[in-house]
There are 2 protein chains.
Amino acid sequence: MDDLVALRKLVPELDEVVERRYSLLKIVRNEAPIGRRFLAALLGSSERVTRTELEILREQGLIVTSSVGVELTAQGEQVLTLLQNVVREFHDIEYVERRLEKALGVGKMIVVPGDLDSNPSGKRDLALAAARYLKGVLREGHVLAVSGGTTLAKVAECFSGQDVPKNVTVVPIRGGLGEDAKIHANSIAVTLADNIGGSYRQLHAPEDVLPCYLEQILSEPRIREVIALGRRADILVHGIGTAEEMARRRGFDDASLMELIADGAVGEAFGCYFDAHGNIVRNTTSVGLRLEDLERIPLVVTVGGGHSKAWAVMAVLSRGYCDVCITDEGVARRLMSLKEIT
Amino acid sequence: MDDLVALRKLVPELDEVVERRYSLLKIVRNEAPIGRRFLAALLGSSERVTRTELEILREQGLIVTSSVGVELTAQGEQVLTLLQNVVREFHDIEYVERRLEKALGVGKMIVVPGDLDSNPSGKRDLALAAARYLKGVLREGHVLAVSGGTTLAKVAECFSGQDVPKNVTVVPIRGGLGEDAKIHANSIAVTLADNIGGSYRQLHAPEDVLPCYLEQILSEPRIREVIALGRRADILVHGIGTAEEMARRRGFDDASLMELIADGAVGEAFGCYFDAHGNIVRNTTSVGLRLEDLERIPLVVTVGGGHSKAWAVMAVLSRGYCDVCITDEGVARRLMSLKEIT
DNA sequence: TCCCTCGGGACATTATATGACCCGCCGGGG
DNA sequence: CCCCGGCGGGTCATATAATGTCCCGAGGGA
């Protein structure tokens, strides 16, 4: 039993206060400058009580209010960073991590407080955690393979150039998908490589092609080469999606989507749709790394949060290819209950 | 900046809550079983608010209430122990220690949260701190010299037999004084030796004698021997008194007392009365160690708390004989302001 | 046995937090 | 340019929680 535990025993009402103010600060950090009324709506509490909290935090010098709204001070940023440890302890996250590692057979679970679905500001924390972890394992000359998705885009952003080994090559494992170019694996590779001062490759191909063209595309030397490089990556970091979200992004019509869901698809990764047991229920003919390629990669890191992705995470993890899973509390708690862990 | 600092920034109202409940628990520990009304009086707050606090703490399992009053649970004891670290941090005690070490030229300051004058329950904390420190420095075969006083008596009580080097000899440095035999150096030596499984000597003499008899008493072989042993002690731990309190204990009448005070006497130790600069303004012809004997003792530990003793502590410390000073926050804060430290 | 203090219940009263609505200000867009 | 929407901040009635006050039956010690 340590200091914080004793403190919580002495002041039980501390928990909810910390909860409220912590998420408030987190929202302020990510949405700044933000107005009081809007903030209240995001927090799900009334305007007046939000205001009281803001007054307290302003007196403490954690935030400043101006005519444009509320913003964090430098001290507020610092405090917020430190608070993550506190909240981890309040939520018993270490325990959750250890239990899930055992129950899911994953080498390492990293759980970030919060739930991306209920508070999207947490995406930055998740991304920071991923970036911090990756920085710890990257070595000089490594090949780092990356997937696409909003989460990975944020991870790439969060890499700072400090303390990063040189000569890292970042290689995308998928072609383009949908419209938003910023979340393609290609752009992510660029951003990440820039941020760590490494080099990158590009996979100039659509993500999903008609089967008849697949072979032709794969025979293209520059594409083959990039895919081959991805296969012998030292580290692979990939996102995770719910089946529904990814299907929509791929432009499924309602009928196909319903069929997919009916087949039990809950999660998606690498162009494969998984059911809750980790079985592949649908496969796309895609340009890029395949699931079976993961086996050869020494370190596979899965990143994703938001409780709606819990099934997806479980499906992907149960394939057994994932070495490190970085997720949020929303997912972790749901996994706990799915696995009937107390 | 660490976790607790961030937490306090986030929840500023935490300070007073911790303050209230911490001192409540401390009183409960030392006065248990204690009634709600009495407790309220000691805390200086109303009965009703005390009751609310008690209800919260009982729900947390830190205390139990029965028909005899309030008591700590085992968990409550544990939490209370851990809370001392928290309170130390809340009160910035490390900083105070470092500053006072420099300002007073003392090798080591150990400051315990609280003020013995306003809350006597803290005496146990002070004694525990002293006991813990002494246990850390005692070595096999050491001679440990002890003075008298209520504080030292508590220190002796607080020694547990665990992890204590053997063959320690405890020797009193003063004869008997006043009526209450439990706080004589002699009894303290006995208690302490018993608790650490060592041996003890006794100084069978009054503390204060008429000058004409002094030489005769000092020539008594068994007394000379004990005093000689005290002079070559490895460690000396002694208490500290206000001039007024000690004079009263020695039976001064009002006139003599006023004269003493008029001479600037503020503190007492070893039968000497000091003024605020550490000058000796009065000396008693006493049986036992003299001030000048301290110079030869490698480690002199001074123990005393309660803000009324601040002048006394400063006087004794300014003699330069003290290597380690164990005191409470009441003294420390007053010393800070006397020395104009911010 | 009596009596004193214990914890706990009850309730009017007060302090505090909240809801609701207002204002003047500022900046961006028409 | 001006207008308008969102901004922070003030105000005050009201809801909610904390507190003061008094009481009760129980249990332990003289």
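These numbers come from the heavy atoms of this one structure, side chains and all, not from hydrogens, waters or symmetry mates. Note that the coordinates shown come from a computational prediction; the quantities given were computed from them, not determined experimentally. Below, chain A is the first sequence line, B the second, and so on; all start at residue 1.
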Can you pull every protein N or O that's under 3.5 Å from an N or O on nucleotides 9-11 of chain C?
residue	atom	partner	partner atom	Å
C:dG9	N7	B:R51	NH2	2.2
C:dG9	O6	B:R51	NH1	2.8

Quiz item: So, B:T150 versus B:K123: side-chain donor-acceptor pair below 3.5 Å or not?
Solution: yes
Quiz item: Toward the 5' end of DNA chain C, which comes first, B:I34 or A:R37, by nearest nucleotide?
Solution: B:I34
Self-check item: Residue pair A:V28 / A:L62, side-chain heavy-atom distance below 4.5 Å
Solution: no
Quiz prompt | Whole angstrom value for the distance that separates P of C:dC6 from CZ of B:F38 | solution = 8 Å
Self-check item: Under 4.0 angstrom between B:R58 side-chain N/O and C:dG8 OP1 or OP2
Solution: yes
Quiz item: Ignoring hydrogens and geometry, is there a side-chain-to-backbone donor-acceptor pair from B:D117 to B:H307 under 3.5 Å?
Solution: yes
Quiz item: Heavy atoms, side chains only, cut-off 4.5 Å: are B:S23 and B:L43 in contact?
Solution: yes
Quiz item: Do NZ/NE/NH1/NH2 and the carboxylate oxygens of B:R88 and B:E97 come within less than 4.0 Å?
Solution: yes
Exercise. In plain terms, say whether B:R29 and B:D125 are close enough for a salt bridge, that is, a side-chain N and a carboxylate O under 4.0 Å apart.
Key: yes
Exercise. Check the distance between D:dT16's C1' and A:E13's CD and give it to me in whole angstrom.
Key: 17 Å
Practice problem: Rounded to the nearest angstrom, tell me the gap between atom CD1 in A:I56 and atom C1' in C:dA17. | Solution: 11 Å
Quiz item: In terms of side-chain heavy atoms, does B:R36 have a donor or acceptor partner in B:T50 at a distance below 3.5 Å?
Solution: no
Practice problem: Could you go through the salt bridge (Lys or Arg N to Asp or Glu O under 4.0 Å) check for A:E13 and B:R21 one step at a time? | Solution: CA-CA 13 Å; A:E13 62 269 37; B:R21 297 191 189 163; 2.8 Å; yes
Quiz item: Under a 4.0 Å heavy-atom cut-off, which of residues 64-73 of chain B touch DNA chain D?
Solution: B:S67
Quiz item: To the nearest angstrom, how far is A:L43 atom CG from C:dT18 atom C1'?
Solution: 16 Å
Quiz prompt | d(CD, B:E53; C1', D:dA18) in whole Å | solution = 11 Å
